[in-house]
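Notes for the one structure printed next.
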Amino acid sequence: MCGALRASDAGKKAVLMGWVNRRRDHGNLLFVDLRDRTGVTQVVVNAERNAAIHQKSATLRNEYVIAVTGTVKLRDSNTVNKNMVTGEVELVAEELRILNESKLPPFLPSDTALTNEETRLKYRYIDLRRDVMQFNIELRHKVAKAIRDYLSGQGFFEIETPFMTRSTPEGARDYLVPSRVQPGTFYALPQSPQLFKQILMISGFDKYFQIVRCFRDEDLRADRQPEFTQIDLEMSYPQPERVWEVVEGFLTAAFAAAGIAINTPFPRMDYDEAIRLYGIDKPDMRLPAFADVRDCFTPENLQQLAINPNLPVIAIRIPKVGELSRAERDSIKPMFVAKGGARVFEDFKRIEKNFPGAAAEVSAKVAVEAGDLVVIVAASAQTGEQTALLPHRKVTPQELAIYASAGLLRLALAQRYAERHGILKRTGDPAKDFRFLWVTNFPMFEWDESERSWMAAHHPFTSPHEEDMPKLETGVESVKDPQSELSAVRALAYDVVLNGTELGSGSIRIHRQDVQSRIFRALGMTEEEAKARFGFFLEALEYGTPPHGGIALGLDRIVMILAGAESLREVIPFPKTARAVDLMVDAPTPVGEKQLRELGIQVKKS
RNA sequence: GGGGACGUAGUUCAGUUGGUUAGAACGCUGCCCUGUCACGGCAGAGGCCGCGGGUUCGAGUCCCGUCGUCCCCGCCA
């Protein structure tokens with residue numbers, strides 16, 4: 001291979017095949033950098049030594065595919081290229097075959113400037129030849145293999161589940177596949193193999209995993225593709241800690257495959273605590289938590305600052321930002337996403353000037369050091385009285401609005417000043433800091449204001465905490481009652497978070513049919529509705545279901561972080577654009593009348 | 001569904017207040033060159049300024065619409 005030859009190979013015969021990466025023509029002496037996925041080796045063609053090959057080599061162009069037979073030669077010391085692993089040797093061409101010519105590609109794999117994504121995606125096969133993409137795809141393979149090997153070693157079976165399955169319209173929108181044999185009916189592509197893996201537990205395969213494609217018809221983001229790969233696993237009889245142990249085990253193996261050692265066990269944090277300290281359920285632990293500094297101010301201070309004294313006053317500290325100009329400080333307010341009466345009291349300098357006592361206490365509480373940026377987020381004094389909405393939550397909706405606003409600002413500030421403090425820098429930084437975290441004890445239900453109803457926060461197969469079970473028995477009206485005790489039910493659910501990215505989400509499942517029915521009832525589903533949607537599953541639960549639980553992690557996201565990439569598209573060979581289009585194959589497309597007729601489908605002409 | 005950024009040569013970009021023939025670098029083509037490695041030198045080709053409409057004596061530049069790519073909010077059990 002083109003990355004294989006070393007000084008120790010000098011004198012040997014070798015055959016290299018690959019692409020012409022670059023050609024340097026010196027007249028009677030010509031160099032060809034020959035590239036394959038392993039690297040680049042310099043081929044030398046000398047007119048004096050072999051006129052026929054020299055003549056042929058003059059016709060070579062970038063991206064031609066060639067085979068070169070020759071002798072490996074140690075380079076003279078003054079011509080060694082220290083930037084190449086093969087730089088101590090070169091291949092002296094004795095035979096040259098042009099295996100295929102190439103049109104001039106729109107961009108070259110060896111280009112240093114990155115072409116726009118539209119062109120890259122249209123000519124993805126050229127783009128994938130670039131060494132970064134070759135590295136990322138190889139990394140993806142290594143990570144997936146390490147996980148497979150680890151889980152197999154732990155006694156897990158990899159078992160396939162159907163791609164053509166049943167639509168269960170909850171959660172994300174389904175991709176649908178029309179049935180020809182039964183016109184008017186549709187399969188759905190799985191959003192996750194959730195019910196199948198639970199049924200595999202009922203079937204006696206007590207440790208299951210699958211590296212599996214999942215599909216969600218929702219709008220895309222840099223870290224969200226409509227089809228994506230999950231490391232899906234389920235096991236019988238686990239405590240949450242046992243699932244976490246397995247995940248920590250395969251992540252250790254996966255990161256080791258990328259040459260990175262990580263520490264286990266991962267720290268754990270309650271959902272409520274994550275909200276209070278970071279304003280988000282997937283905190284980035286590389287940055288300091290924020291602090292409630294309400295007590296640092298006197299009631300008079302708060303009044304003068306027009307801050308609501310009954311709600312948290314959050315101090316955000318971003319380390320090592322350095323002195324900010326007046327203009328920079330003024331620009332903080334516009335980047336703020338305000339929720340529910342939250343405001344930024346951005347000019348901590350002004351607070352220092354006008355309220356030196358309070359400012360000193362705040363500085364002490366958040367442990368300010370020279371060059372740190374401190375921003376205060378609080379509710380304005382006009383915020384209404386705390387309503388009794390969700391009285392059973394530890395964090396009230398008004399408090400949540402402040403925490404969430406502060407959480408968004410914290411990340412926005414950290415990203416803006418990433419270059420200065422170096423903490424969130426993703427690319428080009430070899431010394432990477434990986435902070436894993438288990439977030440646990442999520443609420444079982446979330447209040448959906450538009451539906452005026454409680455919804456399952458994770459999914460309806462998640463087991464509630466044993467001691468919260470009685471709170472499910474609040475009557476049929478409770479699902480429509482924002483003040484019902486449902487708000488206090490905690491789920492045996494957990495997320496694994498890395499540097500502010502949700503890597504995966506799992507739970508201990510419900511294994512008793514009566515509990516499952518109670519959850520459906522609590523969600524306002526009648527027995528008939530539940531039966532119509534999940535009848536097969538409710539029935540299966542009745543035939544000796546072992547306690548079970550599991551998790552699913554996003555493989556693409558893991559590889560993205562390991563690759564230091566900003567987008568999933570950098571670690572997926574054939575990704576889709578923000579409008580869910582494949583620019584290379586040009587999908588989706590309209591289909592012909594005949595195909596539609598066979599499926600019994602009519603398309604509305606617009 | 002909403003907000004923002006961008007679209008000029010094959011590629012990455014520049015293009016002033018609306019004003020003559022739209023530029024640079026890389027790439028490409030030809031010629032020269034025996035130690036380069038992002039080789040070098042000389043010469044050259046290459047443009048529907050995303051598309052459509054408008055304003056204007058005159059539009060890459062201003063206005064309206066439209067298409068595409070990217071980022072964010074909503075959405076993602």
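Throughout, protein chains are lettered first and strands after them, A, B, ... in sequence-line order, and every chain is numbered starting at 1.
Residue A/Gln42 is in base contact, counting any heavy-atom pair closer than 4.0 Å across all strands shown. A/Arg75 comes within 4.0 angstrom of a nucleotide base, judged by non-hydrogen atoms across all strands. A/Thr115 comes within 4.0 angstrom of the backbone, heavy atoms only, and of no base. Among the atoms of the strands shown, base atoms are found under 4.0 Å from some heavy atom of A/Glu48. Counting non-hydrogen atoms under 4.0 angstrom, A/Ala457 reaches the backbone sugars and phosphates but no base. The residue A/Arg23 sits apart from the nucleic acid: no heavy atom pair falls under 4.0 Å. Nucleic acid contact for A/Asn46: base, since at least one base atom lies under 4.0 Å from a heavy atom of the residue. Note on A/Glu90: a base of the nucleic acid sits closer than 4.0 angstrom, heavy atoms only. Residue contacts shown for A/Leu30 are absent, as no nucleic acid heavy atom lies under 4.0 Å away. Contacts of A/Thr462 with the nucleic acid, taken as non-hydrogen atoms under 4.0 Å apart, are absent. A/Asn81 comes within 4.0 angstrom of a base, heavy atoms only.
Straight-line distance between the P atoms of B/G2 and B/U66: roughly 11 Å, to the nearest whole Å. Look at the C1' atom in both B/A9 and B/G23: the space between them is 10 Å, to the nearest Å. When the C1' atom is compared between B/A38 and B/A25, the two are found 12 Å apart, to the nearest whole Å. Distance noted for atom C1' between B/C63 and B/G47: 25 Å (whole Å). Between the P atoms of B/U12 and B/G7, the separation comes to 11 Å (whole Å). Across the C1' atoms, B/G27 and B/G44 are found 14 Å apart, a figure rounded to whole Å. Distance noted for atom P between B/G60 and B/G53: 14 Å (whole Å). B/C49 and B/U8: their P atoms are spaced 11 Å apart (whole Å).
For B/G60, there is no paired nucleotide, since no Watson-Crick or G-U wobble pair has both relevant distances below 3.5 Å. Across all strands shown, B/A43 is found opposite B/U29 as a Watson-Crick or G-U wobble partner, with both distances under 3.5 Å. If you check B/A5 for Watson-Crick or wobble pairing at under 3.5 angstrom, you find it paired to B/U69. Within the shown strands, B/U12 is the pairing partner of B/A24 under the Watson-Crick or G-U definition, both distances less than 3.5 Å.
Considering only side-chain N and O atoms, A/Arg173 lies nowhere under 4.0 angstrom from the phosphate OP1 or OP2 of B/C75. Between A/Arg22 and B/G27 there is no side-chain N or O to OP1 or OP2 distance below 4.0 Å. OP1 and OP2 of B/G40 both lie 4.0 Å or more from every side-chain N or O belonging to A/Arg24. Distances shorter than 4.0 Å separate some side-chain N or O of A/Arg221 from OP1 or OP2 on B/C73. Taking only side-chain nitrogens and oxygens, A/Arg569 comes nearer than 4.0 Å to OP1 or OP2 of B/C71. Contact annotation: A/Asn116 side-chain N/O to B/U12 OP1/OP2 distance is under 4.0 Å. Residue A/Asn28 has no polar side-chain atom (N or O) positioned under 4.0 Å from OP1 or OP2 of B/C33. Considering only side-chain N and O atoms, A/Thr577 lies under 4.0 angstrom from the phosphate OP1 or OP2 of B/U69.
Across the protein-nucleic acid pair, A/Leu104 atom CG and B/G46 atom P stand 16 Å apart, rounded to whole Å. For the pair A/Glu117 CD and B/U11 C1', the computed distance is 15 Å after rounding to whole Å. In this structure, CG of A/Leu411 is placed 13 Å from C1' of B/C72, rounded to the nearest angstrom. Here the P atom of nucleotide B/C75 and the CE atom of A/Met455 are 10 Å apart, to the nearest Å.
Side-chain contact check for A/Val559 versus A/Asn136: every heavy-atom pair is 4.5 Å or farther apart. Between A/Asp232 and A/Lys197, the closest side-chain pair of non-hydrogen atoms falls below 4.5 Å.
Ring pair A/Phe461/A/Phe537 is perpendicular by interplanar angle, where above 60° counts as perpendicular and below 30° as parallel.
Of the residues near RNA chain B, A/Leu408 and A/Leu114, the one whose nearest nucleotide (by heavy atom distance) lies more toward the 5' end is A/Leu114. Residue order along RNA chain B, read from the 5' end via each residue's closest nucleotide, puts A/Gly87 first among A/Phe461 and A/Gly87.
Among the nucleotides B/U69, B/C75, B/C28, the one closest to any side-chain atom of A/Asn62 is B/C28. Out of B/U69, B/C76, B/U12, the shortest distance to the side chain of A/Ala113 is found at B/U12. Residue A/Val581 places its side chain closer to B/U69 than to any other of B/U69, B/C37, B/C75. Of all nucleotides listed (B/C39, B/G30, B/U69), B/G30 comes nearest to the side chain of A/Arg61. When distances are taken from the side chain of A/Pro106 to each of B/C75, B/G35, B/G10, the shortest belongs to B/G10. You'll find that the side chain of A/Ala222 is closest to B/C72, out of B/C72, B/U69, B/U12.
In terms of polar N and O atoms assigned as donor or acceptor, the side chain of A/Arg579 never comes within less than 3.5 Å of the base of B/C70 in a complementary pairing. Taking 3.5 Å as the limit, the base of B/C33 and the side chain of A/Asp25 contain a donor-acceptor pair of atoms between them.
Counting only N and O atoms by type, the side chains of A/Asn499 and A/Thr501 include no donor and acceptor under 3.5 Å apart. Side-chain atoms of A/Glu94 and A/Asn50 include no donor-acceptor pair closer than 3.5 Å. A donor atom on one side chain and an acceptor atom on the other are not found under 3.5 Å apart for A/Ser192 and A/Gln230.
Ion pairing between A/Arg224 and A/Asp219 fails under the 4.0 Å rule for side-chain N and carboxylate O. Ion pairing of A/Glu502 with A/Lys282 is absent here, as no side-chain N (NZ or NE/NH1/NH2) approaches a carboxylate O to less than 4.0 Å.
Looking only at distances, no side-chain donor or acceptor of A/Asn21 sits under 3.5 Å from a matching main-chain atom of A/Asp33.
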